[in-house]
Protein chains: 2
Amino acid sequence: MIAGISTRLGPADAALRRLRALGDLDAAAIAAIEAASTRSRCLAPHEEILSERERISGATLLLEGWAMQVRVLADGRRQILDFLLPGDLIGHCHQEAPVASSTVITLTRARICPAPDPMVSPTLDHAYRMSLALDEAHYLRQITRLGRMNAHERTLDLFLELYDRLALAGLATDGSFAMPATQEVLADLLGLTSVHINRVIQQMRKLGEIGWSRGHLELHDLAAQRDLLGWHPVHVSSRWPRRD
Amino acid sequence: MIAGISTRLGPADAALRRLRALGDLDAAAIAAIEAASTRSRCLAPHEEILSERERISGATLLLEGWAMQVRVLADGRRQILDFLLPGDLIGHCHQEAPVASSTVITLTRARICPAPDPMVSPTLDHAYRMSLALDEAHYLRQITRLGRMNAHERTLDLFLELYDRLALAGLATDGSFAMPATQEVLADLLGLTSVHINRVIQQMRKLGEIGWSRGHLELHDLAAQRDLLGWHPVHVSSRWPRRD
DNA sequence: CGCCCTTTTGACGAGCTTCAATTCTGGTGG
DNA sequence: CCACCAGAATTGAAGCTCGTCAAAAGGGCG
């Protein structure tokens with residue numbers, strides 16, 4: 001079992017919570033996820049899950065821990081495209097003979113398992129599609145962050161995104177959550193240097209916007225920060241439509 | 001007919017070429033596209049095709065002209081997320097009851113039609129999936145551009161992307177293509193100001209990297225520029241697998 | 001021909017980077 | 001239990017890229 005994660009819950013617990021939040025799952029879907037999670041395997045930090053431009057064998061479900069999609073330029077500059085959190089799908093895509101569009105590396109110790117086939121239940125298929133739509137929303141948000149926000153806004157906006165995403169999996173409440181990324185990792189995601197991120201973070205602490213110590217992040221006024229950044233709930237689609 | 005576009009070709013010509021480049025289309029697919037293109041309609045520049053957070057009625061196919069996915073911050077800052085070029089699908093997504101993830105506006109005069117239902121042919125369905133995968137690749141490329149490239153690299157990288165995308169639809173050859181975007185539009189896509197874009201462009205002209213006048217852009221050494229930026233062909237998937 | 005949008009230019013300032021050194025922290029072994 | 005170590009956070013000084021403001025020049029279309 002991974003340190004810092006409750007042992008009273010099944011290994012798929014957070015992931016299951018997230019998928020259920022994306023759409024009601026029927027018994028078949030839940031059983032399939034629980035079955036898949038028994039074939040999970042544990043990864044150390046910085047282990048590669050997918051390699052850019054290599055074939056993907058099948059979709060993977062991230063059960064515990066964080067991972068990141070990464071792209072590295074010829075001269076070594078690194079851009080982190082997105083974080084992957086418990087319950088996120090890795091290498092899930094739209095086509096046969098798929099090829100990884102980016103490298104995926106664990107950030108922390110992590111547990112993964114093969115993602116159950118969406119054919120087992122239309123509700124699971126729906127949840128997967130929602131997950132894909134959310135991925136796209138995250139990319140668009142990241143583009144906006146990098147293109148048109150300053151360092152302070154980028155950092156705050158990222159924290160708000162992480163809070164909402166982790167809350168889906170039950171891993172964040174009351175504006176606070178476990179934050180395993182280093183400032184250097186944040187810098188590579190936000191298109192900044194770790195030195196500058198550090199200065200921004202210190203200012204945010206001074207202003208009382210956040211608290212961050214020992215891997216635990218606290219957002220002090222969610223509502224105020226959200227409308228500072230023009231937040232509105234991500235709403236990619238309605239719930240799984242029920243037949244009346 | 002739209003000025004500057006050959007009148008000897010059907011209105012769906014460039015779009016059809018692009019989709020055929022994404023995977024061999026069978027007769028049913030081609031017929032469906034040609035049928036859909038007879039129900040096309042013409043839009044003026046700056047007309048809205050989709051509105052963020054509103055319901056999408058169905059996917060749209062861009063036949064001629066350019067459009068752009070846009071997001072506007074509360075204080076008016078604008079980020080262009082991506083350009084949409086002839087043959088691109090608009091509002092194509094993974095789920096029922098879909099909601100637009102961003103606003104889509106025409107950049108030039110444009111012609112659109114309802115995208116034919118992918119159910120008419122598995123080859124068409126495959127082309128649509130390829131198109132989705134390419135969209136994702138464009139987002140990731142845009143994130144990398146904004147996060148880890150300087151102004152000069154961003155501009156060059158964008159031009160190379162546009163060249164490759166337009167070439168798919170037969171709208172670019174020998175390193176040159178019609179470029180309808182203003183420098184201000186480029187700035188809003190590349191996360192810069194139009195003043196700075198202007199200075200970068202002038203430098204590129206002086207260095208002999210590009211020529212750009214009267215809406216026509218020329219890249220002077222594709223190969224050299226490509227490996228300057230670590231280019232490699234976008235390869236999201238194999239062609240439609242043929243049954244042996 | 002004249003208007004409006006786009007491009008271009010200049011001067012100045014701010015935000016972020018770079019480099020380098022120092023302090024802190026959590027984990028390890030004696 | 002404490003000394004030690006490596007990675008992470010922090011600090012300072014200096015400089016460059018890019019933004020801002022403002023004004024002028026160009027170019028296409030009615």
Side-chain angles (χ1 to χ4, degrees), chain A residues 2-4 44-46 66 73 75-80 106-109 145-158 178-207 210-217, chain B residues 2-4 44-46 66 73 75-80 106-109 145-158 178-207 210-217:
Chain A
I2 294 178
H46 312 297
W66 289 28
L73 304 194
D75 62 357
R77 281 174 289 182
R78 176 175 79 154
Q79 178 64 45
I80 298 177
T106 55
L107 174 64
T108 65
R109 276 203 277 180
R145 236 180 338 238
L146 294 176
R148 281 290 176 248
M149 292 186 184
N150 62 32
H152 182 264
E153 293 168 320
R154 284 184 212 183
T155 308
L156 203 50
D157 186 67
L158 173 68
M179 172 66 188
T182 64
Q183 296 183 3
E184 191 176 353
V185 166
L186 289 190
D188 280 346
L189 187 105
L190 294 176
L192 300 165
T193 59
S194 60
V195 171
H196 196 63
I197 279 279
N198 182 269
R199 289 174 174 138
V200 169
I201 297 266
Q202 285 176 60
Q203 192 205 355
M204 292 171 78
R205 282 201 266 243
K206 232 170 271 170
L207 294 176
I210 65 164
W212 183 11
S213 64
R214 266 170 280 107
H216 190 83
L217 186 70
Chain B
I2 295 178
H46 311 298
W66 288 29
L73 304 193
D75 63 356
R77 281 174 289 181
R78 177 175 78 156
Q79 177 65 43
I80 299 178
T106 55
L107 174 63
T108 64
R109 277 202 277 179
R145 242 189 322 247
L146 294 176
R148 282 289 176 249
M149 292 187 186
N150 63 30
H152 182 262
E153 293 168 320
R154 285 185 212 183
T155 308
L156 204 50
D157 186 68
L158 173 67
M179 172 65 190
T182 65
Q183 295 183 5
E184 192 176 352
V185 166
L186 288 189
D188 280 345
L189 186 107
L190 294 176
L192 300 165
T193 59
S194 60
V195 172
H196 196 64
I197 279 278
N198 182 269
R199 290 177 172 135
V200 169
I201 298 265
Q202 285 176 60
Q203 192 205 357
M204 292 171 79
R205 284 201 265 245
K206 231 170 271 167
L207 294 176
I210 64 163
W212 183 11
S213 63
R214 266 170 281 111
H216 191 84
L217 186 71

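Reminder, nothing fancy here: chain letters follow the sequence lines and each chain counts from 1. Source: prediction; values computed, not measured.
Nucleic acid contact class of A:L192 (heavy atoms, under 4.0 Å, all strands): sugar-phosphate only. Across all strands, B:R77 comes closer than 4.0 Å to no nucleic acid atom at all (heavy-atom distances). Among the protein residues, A:G215 comes within range of no part of the nucleic acid, since none of its heavy atoms lies under 4.0 Å from any strand. As judged by a 4.0 angstrom heavy-atom cut-off over every strand, A:R148 is placed among residues making no nucleic acid contact.
One interatomic measurement links the two molecules: NE2 of B:H196 to C1' of D:dC16, which rounds to 11 Å at whole-angstrom precision. Atom NE2 in A:H152 sits about 15 Å away from atom C1' in C:dC16, given to the nearest Å. We find that CE of B:M204 is positioned 13 Å from P of C:dT8, with the value rounded to whole Å. Regarding B:M149, its CE atom lies at a distance of 16 Å from the P atom of C:dT17, rounded to whole Å. If you take CD of B:Q202 and P of C:dT6, they are 17 Å apart, rounded to a whole angstrom. The interatomic distance linking B:N198 (CG) with D:dA24 (P) rounds to 17 Å, in whole Å. Look at CD on B:E184: it is 9 Å from P on C:dT7, rounded to the nearest Å. For B:R214 and D:dG26, the CZ to C1' distance is 13 Å, given to the nearest whole Å.
Closest contact between the side chain of B:N150 and the listed nucleotides D:dC18, C:dT9, D:dT10 involves D:dC18. Nearest to the side chain of B:T193, among C:dC16, D:dA9, D:dT20, sits D:dT20. Comparing D:dC18, C:dA20, C:dT8 against the side chain of A:V195 picks out C:dA20 as the nearest.
Although no hydrogens or angles enter the test, the distance criterion places a donor-acceptor pair under 3.5 Å between the side chain of B:T182 and the main chain of B:V185. Under a 3.5 Å cut-off, the side chain of A:R148 and the backbone N or O of B:R77 do not form any donor-acceptor pair. Counting only distance, with no hydrogens or angles, the side chain of B:R154 and the backbone of B:M149 share a donor-acceptor pair below 3.5 Å.
Judged by distance alone, with hydrogens and angles left aside, A:R199 brings no side-chain donor or acceptor close enough to the base of C:dG15 to form a pair under 3.5 Å.
In terms of position on DNA chain D, the residue among B:I197 and A:H46 whose nearest nucleotide sits closer to the 5' end is A:H46.
Within 6.0 Å of CD in B:E153 there are more than 12 heavy atoms belonging to other residues, nucleotides or ligands.
At least one side-chain nitrogen or oxygen of B:Q183 sits closer than 4.0 Å to the OP1 or OP2 atom of C:dT8.
Residues B:Q79 and B:L146 have side chains in contact (heavy-atom distance under 4.5 Å, counting atoms from C-beta outward).
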